Amino acid sequence: MSDIVEKTLTALPGLFLQNQPAGGPAATKASFSSRLGGLVRGITALTSKHVEEKLIQQELNSLKATVSAPTTTLDLQSTNLVEVCMALTIVSQIFPREMIPAVLPLIEDKLQHSKEIIRRKAVLALYKFHLIAPNQVQHIHIKFRKALCDRDVGVMAASLHIYLRMIKENSSGYKDLTGSFVTILKQVVGGKLPVDFNYHSVPAPWLQIQLLRILGLLGKDDQRTSELMYDVLDESLRRAELNHNVTYAILFECVHTVYSIYPKSELLEKAAKCIGKFVLSPKINLKYLGLKALTYVIQQDPTLALQHQMTIIECLDHPDPIIKRETLELLYRITNAQNVTVIVQKMLEYLHQSKEEYIIVNLVGKIAELAEKYPLFGPSILVLNTVDTYAPDNAWFIQTMNAVFSVGGDVMHPDIPNNFLRLLAEGFDDETEDQQLRLYAVQSYLTLLDMENAFYPQKFLQVMSWVLGEYSYLLEKETPEDVITRLHKLLMNDSISSETKAWLFAAVTKLTPQAHSSNLVERLIQEFTISLDTCMRQHAFELKYLHENVELMKSLLPIDKSCEEIMVDASLSFLDGFVAEGLSQGAAPYKPHHQRQEEKLSQEKVLNFEPYGLSFSSSGFTGRQSPAGISLGSDVSGNSAETGLKETNSLKLEGIKKLWGKEGYLPKKESKIGDEMETPPVPQENVTVENVDQVITKRDQSQILTQSKEEKEKQLLASSLFVGLGSESTINLLGKADTVSHKFRRKSKGKEAKSEETTSAHSSLSKVACEEDDYLNTLQEREEKELEKFSLSSQLLDSESLTELPLVEKLPDCSQPAPSLFADNNMEIFHPPSSTAASVAKEISLASLLEETTEYMHSNLMDVCNNEAVSVSSYKIWKDDCLLMVWSVASKSGLELKSANLEIFPAENFKITEQLGCCLPVMETESTKNFQYSIQLEKPFTEGNISGFISYQMMDTHSVRLEFSINLSLLDFIRPLKISTEDFGKLWLSFANDVKQNIKTSESQAALPSALKMLQQKLRLHVIDIIGNEGLLACQLLPSIPCLLHCRVQTDVLALWFRSSCSALPDYLSYQCQKVMEGS
Amino acid sequence: MIKFFLMVNKQGQTRLSKYYEHVEINKRTLLETEVIKSCLSRSNEQCSFIEYKDFKLIYRQYAALFIVVGVNDTENEMAIYEFIHNFVEVLDEYFSRVIMFNLDKVHIILDEMVLNGCIVETNRARILAPLQILDKMSES
């Protein structure tokens, strides 16, 4: 530090001290500088790091105080313009949500301020409120309209931010404003604004852009609204001819809008012409913008790409990678069966150059998507170019995917390898082609593995090991031993993760039965039975024991049966004898894992770290062998000890095909006719493709004969890129290709659902069977009674419970319950039982029950208050997202009610908003009038009430006022929460508040299903699952506070265990449960 | 929507940064270095828009100073590009020469022009009005 600086610095505190006593007229300034002086003094007096931190903290606090809500509120009330202005700026940047009600009236006031800047800033503050708490400014929408019509342009422009946001959320609510926006845009475009709004002599360009965006949202899929704006859009396109960057920005937005709204051919043509201006511009920024516009536009009309094909080709080789990428994005959108190879090749080239992870993930996903969409179409273009053979070449698909896997590796989306394996396993339509594809994959992987020093991502190795394990049998020259040798090499490699090693070992296991000599396998077993990795050791032992029984192994791991489901007796009933014997000799009965865990937990009182739902799913087995589609659902097996003891009704196996008998596995082949039915119209198409190709090349040749070689190459590239777009015949072709690809997709989707859901289908099958039988047994006697209740539409049933019981009632009609139900209905996806049941039953109930059903449950009509002239009654409708209160005012004398008005006082825990429109078909005559209010919960409470008054006028009397109040309970805000067992497990662990309670149950309630049924009906809890003598339920307190309930029956005690994120909820619910159970 | 507004010099030092979406303080430095690095690596022939992660950067260079704006993909790049210039024109009108000693005022100007990631004012006279009143107050 130089001397002078040091001297100045040391003199500074003194200078500030002198300044302090000044005061007087420059009071504000003095206080400011004295504060600064204080700070400088503080800094110079610093002695340690600790003191410094303290000082900084102090300074921060005082800064916070200056911009804090109370200070700002004070400033807002100031008469000083600048203070108000600054306060508003602060409010519209940082403001706590809770303080909004406090300042909202102040800000609303400011909307009427005489100065435009204040009005404008007030609107911006409201925009901020709308961003952070849209509900709190709902009631002042009318004021937004006022701002939109403000005489000042700035205020109007500010209100557009709010409108853009609101229209984005719900465009249908603001269609009536279209005219206003059009008029405003017309005025702006027509240059009616003050000159100081111009930017480089373009009138308010950013305002124009904002308006165009709003119009685009409003006119989307709406012809009538769109018609209103055609004129002004036309004018915008015409006016924006000044050659300045900002006019291009407007043009871009204009084109975007024209293509977003309901199309008008004339405008589309003009807009398309405009794009030409961008794309052909020598300015790089405009070119980029043009490509972006084109990318958007060709999704509407792919032929537009044809006009600019040469430019697109040039951009593909552009030195700027950003331009290149935008071009690839464009090509990605016009990909069809004919040009997919070329486009994918271009994408791969780009991929190999990029290093940034985000780009790689994105691009790899797109390539994989294209390759999987057109797996067998890609090659057809290659075939055409070489014109040698007609046999589709599988190499393309596999090689493309190889590139994807080796570059994308471990960062790519996990769906990519899964989909690839699924495609490979399920095949397409021609079995020989499928086999060739698989063979090619196997061969290419072996070649890759033989390369020295090559490194492959783990995901790629996993894919390889699955394919090698499944399809090595297709190899002619090489024996399974050769493949095992390579896998062994990988297994010994230290850089390979243990997850991948599990895949590798699974492949070895699959290949073992095919191998002729077992030396290598035995060595492998030896090496890995002493492995330190428990998982590997387990696999090695499995292989060891299987290896001793080759016949069993062959039936367990059949060749090329990965798509077929292996049916397993999940209940392990063949072990019942063994279990019974064990029990008779005094062995302790088996307890399921979760039960053991719970007991342990109750003993030790420690935190539960294990996921709750773990023992219910069958992931233990399927996780390892999932690609093979083997499902060993073990849901019911948890109870096998008890079943062995009791031999009661809990094991119903009519629905399950018996594949595991006393002798072991009883294989039975099933032909999948349905899947092989579809055959694609491939050959015909190739011919047309050829034609088109010729047409295009001919035309090109006739046009330009004297072209350089380079240009010819480009032309060639263009013709291969843009096949399938444009000219009539090609449009036809495009349509055709599309349907084919759709077929593919649809088919594979179905299969996907099937293969993915096999496990759950399995388990739910058995579960449904069990559960429904349980229901049958316990509910049969009660059925009649219950049904009676239904037809009366008893008040406390929610739609869920309403719909579930009819299914039970229907069951006796179906001779074979679960399996036939699923088979006949062709249902592909099985959800946990209750929800499937609900969806199936919904239709039944709708048809057969309740003539005047409404969508939601509602309470009975109850009198609220009345006098000699009118009576007011009300009822509650329990909607999914809120409580809807309906008050109906009826005049007793049948006379006309004049200007009846109902007002509700704001209540502390609720948010009450008036609702228009009728939810119930209640007669509204002249003598009655209905009011609807939706009530949302803001804070949980135990008992609350809302009150209000009705004022009305009869014929020629004075207006009369009638007050009333209504009680609400928290139960009005409880709704079923539909989640899966797994989600339940996850949620359970994440909640801290829990309450346990034991309730003594009477005889009739002893069975768990009936107890749960009651909770479901009375308290609107959702039954997720019933496992043995335990049940899982869930509900939520509106808006979205979940609460979970776990209950277990032990002799005559029902143990309830609640958990929730809200501390008050479990207490409340346990009390209500007790009331329900004891009351019945 | 505008995600952030940066003024960075050629040496990579941040002169002004304003975030309209929360970014943790320690991540800001990293982001700023990466952003300026990708801007500096581009030549004049390349376009002024960069795709960076899941958003876009739009930059303009004025002598040694870079102004970089990060936006999400709903934004019109050219509109932002011209907005940067508008901002510079406002600065040019208000400051006669050096602006880096008056960063507070630059902040005031920016707050007038951009709020919550939206362009809220582009009229030069109106942007400067509050600042000029403030100046008058401190003079008297």
Side-chain angles (χ1 to χ4, degrees), chain A residues 25-26 28-29 81-82 85-86 89 92-93 116-117 120-121 124 127-128 131 153-154 157-158 161 164 194 196-200 202 204-207 209-210 213 244-246 248-253 256 283-289 292 318-323 325-326 356-359 362, chain B residues 1 18 20 34 38 41-58 60 73-86 89 107-108 111-127 129-140:
Chain A
T28 42
K29 204 179 170 187
L81 207 66
V82 178
C85 202
M86 288 302 154
T89 311
S92 42
Q93 290 190 72
E116 61 82 20
I117 188 168
R120 184 168 68 82
K121 285 191 179 268
L124 289 173
Y127 172 61
K128 175 71 178 180
L131 277 179
V153 186
H161 294 294
L164 180 65
D196 60 347
F197 281 95
N198 286 6
Y199 172 77
H200 292 257
V202 180
W206 293 279
L207 177 57
I209 287 169
Q210 187 86 341
R213 270 183 203 154
H244 188 273
N245 271 339
V246 86
Y248 283 105
I250 298 173
L251 270 183
F252 174 84
E253 210 62 51
H256 199 276
K283 284 189 188 165
I284 184 100
N285 284 343
L286 295 183
K287 202 162 242 169
Y288 175 88
L289 223 55
K292 201 180 156 192
H318 201 278
D320 187 350
I322 300 288
I323 297 280
R325 214 176 131 207
E326 200 59 36
E356 206 189 309
E357 189 179 310
Y358 185 83
I359 296 178
N362 187 309
Chain B
M1 196 198 126
K18 180 106 192 165
Y20 299 99
E34 277 187 34
S38 41
S41 68
R42 305 201 35 104
S43 69
N44 285 339
E45 292 90 58
Q46 296 185 313
C47 73
S48 319
F49 318 127
I50 311 175
E51 283 169 36
Y52 177 80
K53 296 209 170 135
D54 56 342
F55 51 94
K56 289 204 173 120
L57 305 174
I58 292 139
R60 260 185 121 138
D73 55 359
T74 58
E75 205 55 70
N76 179 334
E77 287 90 348
M78 190 52 90
I80 299 291
Y81 184 71
E82 283 307 304
F83 176 76
I84 296 175
H85 191 68
N86 189 14
E89 282 181 353
H107 267 287
I108 292 179
D111 282 349
E112 285 295 318
M113 297 179 75
V114 184
L115 272 181
N116 298 307
C118 297
I119 300 173
V120 295
E121 186 60 86
T122 51
N123 181 330
R124 245 181 279 172
R126 293 190 170 197
I127 293 164
L131 199 57
Q132 278 155 353
I133 299 174
L134 276 180
D135 285 344
K136 255 182 219 156
M137 272 173 51
S138 55
E139 270 167 32
S140 60

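Chain letters run A, B, ... following the sequence lines, proteins first, then strands; residues in each count from 1. Nothing here was measured: the structure is a model prediction, and the numbers come from that model.
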So which heavy atom on [X] is nearest to which on [Y], and how close?
X     : Y      : value
B/K53 : A/Y358 : O-CE2, 3.0 Å
A/S92 : B/N116 : O-ND2, 2.9 Å
B/E82 : A/W206 : C-CZ2, 3.6 Å
B/A79 : A/A249 : N-CB, 3.6 Å
B/E77 : A/L289 : OE1-CD1, 3.7 Å
B/C47 : A/I323 : SG-CD1, 4.4 Å

- Please say whether more than 12 non-hydrogen atoms of neighbouring residues, nucleotides or ligands are located less than 6.0 Å from CG in B/N44. no
Taking side chain as everything from C-beta outward and backbone as N, CA, C, O, which of these in [X] sits under 4.5 Å from a heavy atom of chain B? Side chain, backbone, both or neither.
X      : value
A/E356 : side chain
A/V246 : both
A/Q210 : neither
A/L164 : neither
A/F197 : both
A/P319 : backbone
A/K283 : neither

- Would you call the rings of A/H200 and B/H85 parallel, tilted or perpendicular if under 30° counts as parallel and over 60° as perpendicular? tilted
Relative to chain A, which segment of [X] carries a heavy atom at a distance below 4.5 Å: side chain, backbone, both, or neither?
X      : value
B/F83  : both
B/E45  : backbone
B/S43  : neither
B/K136 : neither

Can you tell me how far apart [atom1] ([X]) and [atom2] ([Y]) are? Round to the nearest 0.5 Å.
X      : Y      : atom1 : atom2 : result
A/R213 : B/T74  : CZ    : OG1   : 6.5 Å
A/D196 : B/R124 : CG    : CZ    : 10.0 Å
A/K292 : B/N76  : NZ    : CG    : 6.5 Å
A/Y199 : B/N86  : OH    : CG    : 5.5 Å
A/N245 : B/S48  : CG    : OG    : 8.5 Å

- Message: Under the criterion salt bridge (Lys or Arg N to Asp or Glu O under 4.0 Å), I'd like the reasoning laid out for A/K121 against B/E121: C-alpha separation, chi angles, the key distance, then a yes or no.
- Response: CA-CA 11 Å; A/K121 285 191 179 268; B/E121 186 60 86; over 6 Å; no
Flag the one option from [options] with the top tally of heavy-atom pairs under 4.5 Å to chain B.
options                        : value
A/K287, A/M86, A/Q93           : A/Q93
A/I322, A/N285, A/N198         : A/N285
A/L81, A/L207, A/L124, A/I359  : A/L124
A/E253, A/E357, A/H318, A/R120 : A/R120

Top contributor to chain A interface from [options] [non-hydrogen pairs under 4.5 Å]:
options                : value
B/D54, B/I50, B/I80    : B/D54
B/L134, B/I119, B/I133 : B/I119
B/M137, B/E89, B/M78   : B/M78

- Item | Short side-chain to backbone donor-acceptor contact, A/D320 and B/Q46, under 3.5 Å | no
